[in-house]
Amino acid sequence: MRIRLDPWPVDIEGGQLTLDPFDGTLIDIETPRWAAIPARPIPRQLSTVQVVDGKRRMEGRVFVEDDHGNVGTGGFGAYVVGAVSLCPHGSRAAELLDVRAMRVLAHAPALKLDPTSLSPRDPHSGTLLYHPVPTDSADPMAPLHRLQALMLDAEQTLSHGYASLVPTEETDDREALTSLTLQDGTLRRGGATLGGAVVGYVKTMQTQYLSADRVGLLSELKPGERTPILHMKSETGRSTRFTWYVRLSGAAFYQHPMSGVMRLEMYAPPEPDFLPPTVREVANLSGTLLGRLGSHAHKDPRAPQNLIPTAALEQAMGRSMGSADLVTRRIRAHIAGLQGVA
């Protein structure tokens, strides 16, 4: 019997290596030779890397009756997205680039609601304004799903505003790779129309994309090495990506051999006609760049995949949403006021 530890903490639901089968298609787009590709140096013209992340929080589930007598479920929630800017060559300190917060009252589609303003007792504490947003259904979980979708859409908009363009034709070389955005998680559908060299980094492996005869390469990768780039099409055919795996650090003897491996993806056209040079360039430098940005186990339990800039950004985003306890008290005080309770 052989036993290896899942590398992530036991309180993270699903862990790091709970893998479901992939029903879509994968096509060799870079090379038919399935072997490790070494990391390359970061090109000098790449002067800026942005790391984008988002955070959401459901602050209270509610039952609502509007002024027309319609009844349904809803939820007070907040989400925030932010970006950190850094020099990949280490010539300047990382800086907080942007933090955008929003509060919403996600509600069942039949309800007609106005914005909800929660005023504090102390005017210096600021007013909390929740904008009404309808959900797609009356399901009790719909407000949470709507909040998550709003956060992901905001992440996508922020990500694509910074990065260099990706050529869409084989002869298109209009823009060099000077700016790259790393976005936490998978890329959203529809983002390809926004343009920009945006890389989604998937730190929690939940799907087994590779066939049994290929997955063994992930365990053999050395730090900085990557797999060849693949063209991936979802089972529905509505999402297409360029994707590859890269190893950030070696696995300890007691960990699963895929510990320290991250999957990366960039937008791809529906048909795998050619591999844009920018995508290959990003893949080549990804091992070097992510190896520098990877966190360390003695500081972050999700190391190395939870990048150092992401951890700092999470703290800034948490502060922008405010204390969950104080917000809960404000919501209760607002409800008390509506019911005439002291």
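Computed from heavy atoms alone, side chains included, the values below leave out hydrogens, waters and symmetry copies.
R263 pairs in a side chain to side chain contact (heavy atoms under 4.5 Å, CB included) with only one of the listed residues (T186, T207, V246), which is T186. Here the options are I29, I229, L177, the test is side chain to side chain contact (heavy atoms under 4.5 Å, CB included), and the partner is V279; only I229 passes.
Interatomic distance, CG of L289 versus OH of Y201, reported as 11.0 Å (0.5 Å rounding).
Of the possible donor and acceptor atoms, one in the side chain of R103 sits under 3.5 Å from a partner among the backbone N and O of M321. Formation of a donor-acceptor pair under 3.5 Å by the R100 side chain with backbone atoms of V80 is not found in this model. The backbone N or O of R330 lies less than 3.5 Å from no partner atom in the side chain of H334, so there is not a single donor-acceptor pair. One N or O on the side chain of T288 and one on the backbone of R40 form a donor-acceptor pair closer than 3.5 Å. With R247 contributing its side chain and L218 its backbone, the two residues share a donor-acceptor pair below 3.5 Å. In this structure a side-chain-to-backbone donor-acceptor pair under 3.5 Å is missing from T116 to Y130. Side-chain atoms of S239 never come within 3.5 Å of backbone atoms of S234 as a donor-acceptor pair (strictly under, hydrogens ignored).
Atom CZ of R292 has more than 12 neighbouring heavy atoms from other residues, nucleotides or ligands inside a 6.0 Å radius. Within a 6.0 Å radius of CG in D213, more than 12 heavy atoms belonging to other residues, nucleotides or ligands are found.
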### Query
Taking it one step at a time, do S85 and E95 satisfy side chain to side chain donor-acceptor pair (under 3.5 Å)?
CA-CA 5 Å; S85 174; E95 61 177 324; 4.5 Å; no
